[in-house]
Amino acid sequence: MNANIPLPVEIPLFEDLMNNLHMLISNEPAYAAQSRFASPCQGYEKDPASLVRELITNKPATKLFPVDGYSMVGVGIFHGSILIVNAALDAISESIVLAVWRGKFVVKQLVIGADGVKHLYSRPKNHPGMLLPIGDADEVQVWGVVTHAIVPFI
(Lines give C-alpha, C1' and ligand atoms only; values in the text may rest on other atoms or scores of the structure.)
Protein backbone atom coordinates (compact mmCIF):
# COMPACT_ATOMS: atom_id res chain seq x y z
CA MET A 1 0.00 0.00 0.00
CA ASN A 2 1.10 3.53 -0.53
CA ALA A 3 0.60 5.24 2.80
CA ASN A 4 2.60 8.21 1.51
CA ILE A 5 -0.28 9.45 -0.66
CA PRO A 6 -1.46 12.57 1.14
CA LEU A 7 -5.06 12.87 2.20
CA PRO A 8 -6.64 15.75 0.25
CA VAL A 9 -8.56 17.16 3.21
CA GLU A 10 -8.41 16.52 6.91
CA ILE A 11 -11.81 15.41 8.16
CA PRO A 12 -11.89 16.40 11.84
CA LEU A 13 -15.35 14.89 12.36
CA PHE A 14 -14.08 11.42 11.47
CA GLU A 15 -10.80 11.79 13.35
CA ASP A 16 -12.82 12.86 16.38
CA LEU A 17 -15.15 9.89 15.90
CA MET A 18 -12.22 7.48 15.77
CA ASN A 19 -10.61 8.95 18.87
CA ASN A 20 -13.83 9.09 20.86
CA LEU A 21 -15.73 6.06 19.56
CA HIS A 22 -15.82 4.51 23.02
CA MET A 23 -17.83 7.48 24.32
CA LEU A 24 -20.57 6.82 21.76
CA ILE A 25 -21.23 3.21 22.76
CA SER A 26 -23.71 2.37 25.48
CA ASN A 27 -22.85 -0.08 28.23
CA GLU A 28 -26.43 -1.36 28.06
CA PRO A 29 -27.35 -4.00 25.46
CA ALA A 30 -30.10 -3.34 22.92
CA TYR A 31 -33.01 -5.76 23.32
CA ALA A 32 -35.02 -6.58 20.21
CA ALA A 33 -38.17 -7.62 22.07
CA GLN A 34 -39.55 -7.96 25.57
CA SER A 35 -40.29 -11.47 26.73
CA ARG A 36 -40.43 -13.59 29.88
CA PHE A 37 -37.07 -15.12 28.98
CA ALA A 38 -33.63 -13.60 29.39
CA SER A 39 -32.06 -12.24 26.25
CA PRO A 40 -29.67 -14.69 24.54
CA CYS A 41 -27.35 -11.68 24.10
CA GLN A 42 -26.86 -11.20 27.84
CA GLY A 43 -23.28 -11.84 28.82
CA TYR A 44 -21.95 -11.15 25.32
CA GLU A 45 -21.86 -7.37 25.51
CA LYS A 46 -18.64 -5.77 24.28
CA ASP A 47 -16.57 -3.31 26.23
CA PRO A 48 -16.32 -0.14 24.08
CA ALA A 49 -12.53 -0.30 24.18
CA SER A 50 -12.58 -3.87 22.82
CA LEU A 51 -14.82 -2.76 19.96
CA VAL A 52 -12.32 -0.07 18.99
CA ARG A 53 -9.49 -2.64 19.21
CA GLU A 54 -11.44 -5.03 16.95
CA LEU A 55 -12.25 -2.38 14.35
CA ILE A 56 -8.92 -0.54 14.37
CA THR A 57 -6.01 -2.97 14.66
CA ASN A 58 -3.31 -0.55 13.45
CA LYS A 59 -4.24 2.98 14.57
CA PRO A 60 -1.32 4.85 12.90
CA ALA A 61 -2.13 3.28 9.50
CA THR A 62 -5.93 3.52 9.78
CA LYS A 63 -8.16 6.33 8.57
CA LEU A 64 -11.93 6.77 8.33
CA PHE A 65 -13.52 7.83 5.06
CA PRO A 66 -17.13 8.82 4.36
CA VAL A 67 -18.82 7.16 1.37
CA ASP A 68 -20.47 9.34 -1.24
CA GLY A 69 -22.22 7.31 -3.91
CA TYR A 70 -23.90 4.02 -4.65
CA SER A 71 -21.45 2.04 -6.79
CA MET A 72 -20.58 -0.49 -4.04
CA VAL A 73 -24.00 -1.33 -2.58
CA GLY A 74 -23.69 -4.86 -3.98
CA VAL A 75 -21.06 -5.60 -1.31
CA GLY A 76 -22.84 -3.75 1.50
CA ILE A 77 -21.17 -0.34 1.23
CA PHE A 78 -23.89 2.29 1.08
CA HIS A 79 -24.01 6.06 0.59
CA GLY A 80 -23.34 7.62 4.02
CA SER A 81 -21.32 4.66 5.33
CA ILE A 82 -18.01 5.24 7.04
CA LEU A 83 -15.13 3.10 5.80
CA ILE A 84 -12.32 1.96 8.08
CA VAL A 85 -9.25 1.74 5.83
CA ASN A 86 -5.88 0.27 6.80
CA ALA A 87 -3.01 1.56 4.62
CA ALA A 88 -0.55 -1.00 6.04
CA LEU A 89 -2.36 -4.05 4.64
CA ASP A 90 -1.41 -5.59 1.30
CA ALA A 91 -4.36 -5.82 -1.07
CA ILE A 92 -5.01 -9.20 -2.62
CA SER A 93 -7.39 -10.11 -5.41
CA GLU A 94 -11.04 -9.59 -4.40
CA SER A 95 -10.09 -7.07 -1.66
CA ILE A 96 -12.21 -3.97 -1.28
CA VAL A 97 -9.73 -1.11 -1.54
CA LEU A 98 -9.53 2.64 -1.34
CA ALA A 99 -7.64 3.80 -4.40
CA VAL A 100 -6.57 7.13 -5.79
CA TRP A 101 -7.85 7.44 -9.35
CA ARG A 102 -7.45 10.66 -11.34
CA GLY A 103 -6.63 12.51 -8.12
CA LYS A 104 -9.72 11.34 -6.20
CA PHE A 105 -10.31 8.62 -3.65
CA VAL A 106 -12.58 5.80 -4.88
CA VAL A 107 -13.69 2.62 -3.16
CA LYS A 108 -13.67 -0.40 -5.50
CA GLN A 109 -13.00 -4.12 -5.57
CA LEU A 110 -9.51 -5.06 -6.71
CA VAL A 111 -9.35 -8.02 -9.09
CA ILE A 112 -5.95 -9.34 -10.14
CA GLY A 113 -6.03 -11.45 -13.29
CA ALA A 114 -3.97 -14.59 -13.91
CA ASP A 115 -1.58 -12.40 -15.92
CA GLY A 116 -1.05 -10.12 -12.91
CA VAL A 117 -2.98 -7.21 -14.42
CA LYS A 118 -4.98 -5.30 -11.80
CA HIS A 119 -8.53 -4.09 -12.39
CA LEU A 120 -10.89 -2.07 -10.22
CA TYR A 121 -14.58 -2.95 -10.26
CA SER A 122 -17.71 -1.22 -9.04
CA ARG A 123 -20.20 -3.54 -7.38
CA PRO A 124 -23.67 -2.02 -7.76
CA LYS A 125 -26.77 -3.87 -6.61
CA ASN A 126 -28.17 -6.60 -8.89
CA HIS A 127 -25.26 -6.32 -11.32
CA PRO A 128 -22.13 -8.47 -11.73
CA GLY A 129 -19.90 -5.42 -11.62
CA MET A 130 -18.47 -2.75 -13.86
CA LEU A 131 -14.82 -2.28 -14.70
CA LEU A 132 -13.45 1.13 -13.82
CA PRO A 133 -12.01 2.45 -17.07
CA ILE A 134 -8.30 2.72 -16.38
CA GLY A 135 -6.28 4.12 -19.22
CA ASP A 136 -2.85 4.06 -17.59
CA ALA A 137 -1.95 1.83 -14.65
CA ASP A 138 0.14 4.67 -13.22
CA GLU A 139 -2.95 6.83 -12.73
CA VAL A 140 -4.30 4.40 -10.09
CA GLN A 141 -2.67 3.83 -6.72
CA VAL A 142 -4.11 1.62 -4.00
CA TRP A 143 -4.09 3.64 -0.77
CA GLY A 144 -5.36 0.96 1.60
CA VAL A 145 -7.63 -2.00 2.26
CA VAL A 146 -11.17 -1.49 3.56
CA THR A 147 -11.44 -3.56 6.72
CA HIS A 148 -14.94 -2.50 7.84
CA ALA A 149 -17.87 -0.36 6.76
CA ILE A 150 -20.03 1.31 9.38
CA VAL A 151 -23.49 1.54 7.85
CA PRO A 152 -26.09 3.98 9.19
CA PHE A 153 -29.70 2.80 9.36
CA ILE A 154 -31.32 6.19 9.82
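Taking NZ of K63 as the start and CD1 of I56 as the end, the distance is 10.5 Å to the nearest 0.5 Å. Taken to the nearest 0.5 Å, the CG atom of N58 stands 7.5 Å off from the CG atom of L89.
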Expected list for residues 69-80: side-chain donor-acceptor pairs under 3.5 angstrom, two or more places apart:
from	atom 1	to	atom 2	distance (Å)
S71	OG	K108	NZ	2.9
H79	ND1	D68	OD1	3.4
H79	ND1	G69	N	2.9

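In this structure, W143 and A61 approach most closely via the heavy-atom pair CH2-O, 4.5 Å. Shown here for A149 and L83, the closest heavy-atom pair between the two residues is CB-CD2, 3.9 Å.
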Problem set entry | Check against side-chain contact (heavy atoms from CB on, under 4.5 Å), I82 and F65 | CA-CA 6 Å; I82 298 172; F65 289 85; over 6 Å; no
For this session: Could you please spell out the steps behind the side-chain contact (heavy atoms from CB on, under 4.5 Å) verdict for V85 and L64?
Result: CA-CA 6 Å; V85 183; L64 301 177; over 6 Å; no
For this session: Please test V97 against L120 for side-chain contact (heavy atoms from CB on, under 4.5 Å), starting from the C-alpha separation and ending with a verdict.
Result: CA-CA 9 Å; V97 299; L120 295 176; 4.0 Å; yes
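With sequence neighbours left out, the side-chain contact (heavy atoms from CB on, under 4.5 Å) criterion links S93 to V111, I112.
Judged purely by atom type and a 3.5 angstrom limit, T147 uses its side chain to pair as donor or acceptor with the backbone of I84.
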